[in-house]
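Source: prediction; values computed, not measured. Throughout, numbering of the chain's residues begins at 1 and tracks the sequence. Just follow the structure's listing: the first ligand is 1, and inside any ligand the first atom is 1.
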Amino acid sequence: MHLPAFRIMRISILIVLVVSISLLSVLFPASAKPATFDQDFRVTWSDSHIKQIEGGRAIQLLLDQSSGCGFASKRQYLFGKVSMKIKLVSGDSAGTVVAFYMNSDTDTLRDELDFEFLGNRSGQPTTVQTNVYVHGKGDREQRVNLWFDPSLAYHTYSISWSHSQIVFSVDEVPIRVFKNNEARGIPFPKSQAMGIFSTLWEADDWATRGGLEKINWSKAPFYAYYKDFDIEGCQVPGIASCPSNLNNWWEGPAYKELSPLDARRYRWVRTNHMIYDYCTDKARFPVTPPECYAGI
Ligand SMILES: *[C@@H]1O[C@H](CO)[C@@H](O)[C@H](O)[C@H]1NC(C)=O
């Protein structure tokens with residue numbers, strides 16, 4: 001039987017595909033395997049309250065009356081992108097806080113990029129507070145109410161950090177952008193590497209409705225879940241291996257400014273879900289901080 005030419009072509013294309021896919025998986029075996037907790041992180045607070053699950057590819061954090069808990073990356077990073085899938089505390093989570101942040105650990109010169117998830121009474125929206133510290137100066141809080149229940153499923157929370165801007169995203173939707181406005185004399189974090197940290201703790205003196213809502217300990221223990229740890233950036237130590245900072249993918253055009261689509265999504269978040277912006281808090285800042293005029 002003779003196969004028609006076009007079938008032979010289709011079959012050979014298929015063979016080429018199969019061969020190149022298997023070659024790829026031989027060359028890049030790691031890409032098929034999700035990262036485990038132990039590869040990049042260590043427990044920093046209360047071992048007994050952190051449990052590895054799914055063969056170390058996910059973890060469970062626990063908060064009870066005796067303690068919260070926390071973990072940190074083993075290494076530090078200078079620029080890059082860090083993403084994590086998190087399933088937040090479910091039910092009556094008022095007074096609990098999950099923090100996920102990058103921090104240079106340098107006391108008075110601290111650079112820090114914060115995500116803080118403030119729990120709420122059942123059925124009330126979870127608030128995400130972000131903050132940006134540059135060289136020890138913070139006080140740049142913004143708050144957004146999430147447009148979904150973050151305790152029902154894992155959602156992706158990420159921080160991307162290039163020489164041009166820092167973007168906080170929820171499921172790849174930007175919720176906060178901090179632009180490099182050094183040209184206008186506004187400091188931007190770029191000389192200190194930062195570690196990645198996360199904690200689950202009790203903060204019912206301030207977190208929910210300004211501290212009015214207290215933790216309901218009868219609902220304890222509280223759990224948060226993390227998986228798909230993904231950190232890509234210039235590793236410290238090892239920084240010498242990425243000397244030409246500006247050639248890394250996280251410095252590419254997509255990370256210099258928001259795409260038109262992302263800019264639209266960002267406006268949607270700010271219009272519909274933002275509940276607090278330090279930039280417009282005249283009581284705290286009679287003189288509007290300079291970066292607030294710089295736009296997005
Ligand atoms: C909790 O819910 C209340 C009522 O819907 C809302 O005003 C508040 O922003 C929510 N978040 C926090 C952290 O209080």
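Residues passing the ring-ring contact (aromatic ring centres under 6.0 Å, His included) test with Phe100 are Phe115, sequence neighbours excluded. Applying the salt bridge (Lys or Arg N to Asp or Glu O under 4.0 Å) test to Asp105 and every residue at least two apart in sequence or in another chain returns nothing.
A donor-acceptor pair under 3.5 Å is absent between the side-chain atoms of Arg143 and the main chain of Tyr276, judged by distance alone.
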Under 3.5 Å, which donor-acceptor pairs link side chains of residues 215-222 to any protein atom two or more places apart or in another chain?
unit_1, atom_1, unit_2, atom_2, d
Asn216, OD1, Ser218, N, 3.2
Asn216, OD1, Ser218, OG, 2.7
Asn216, ND2, Asp92, OD2, 3.4

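In this structure, Arg121 pairs ionically with Glu213, as a charged nitrogen and a carboxylate oxygen lie closer than 4.0 Å.
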Pick out the protein N or O atoms lying less than 3.5 Å from any N or O of ligand 1, and list each pair with its distance.
unit_1, atom_1, unit_2, atom_2, d
ligand 1, 2 (O), Asn120, OD1, 3.4
ligand 1, 2 (O), Asn120, ND2, 2.5
ligand 1, 5 (O), Gln124, OE1, 2.7
ligand 1, 11 (N), Asn120, ND2, 2.8
ligand 1, 11 (N), Thr127, OG1, 2.8
ligand 1, 14 (O), Arg209, N, 2.8

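Ser66 and Asp64 form a side-chain donor-acceptor contact under 3.5 Å, judged by distance and modelled atom types alone.
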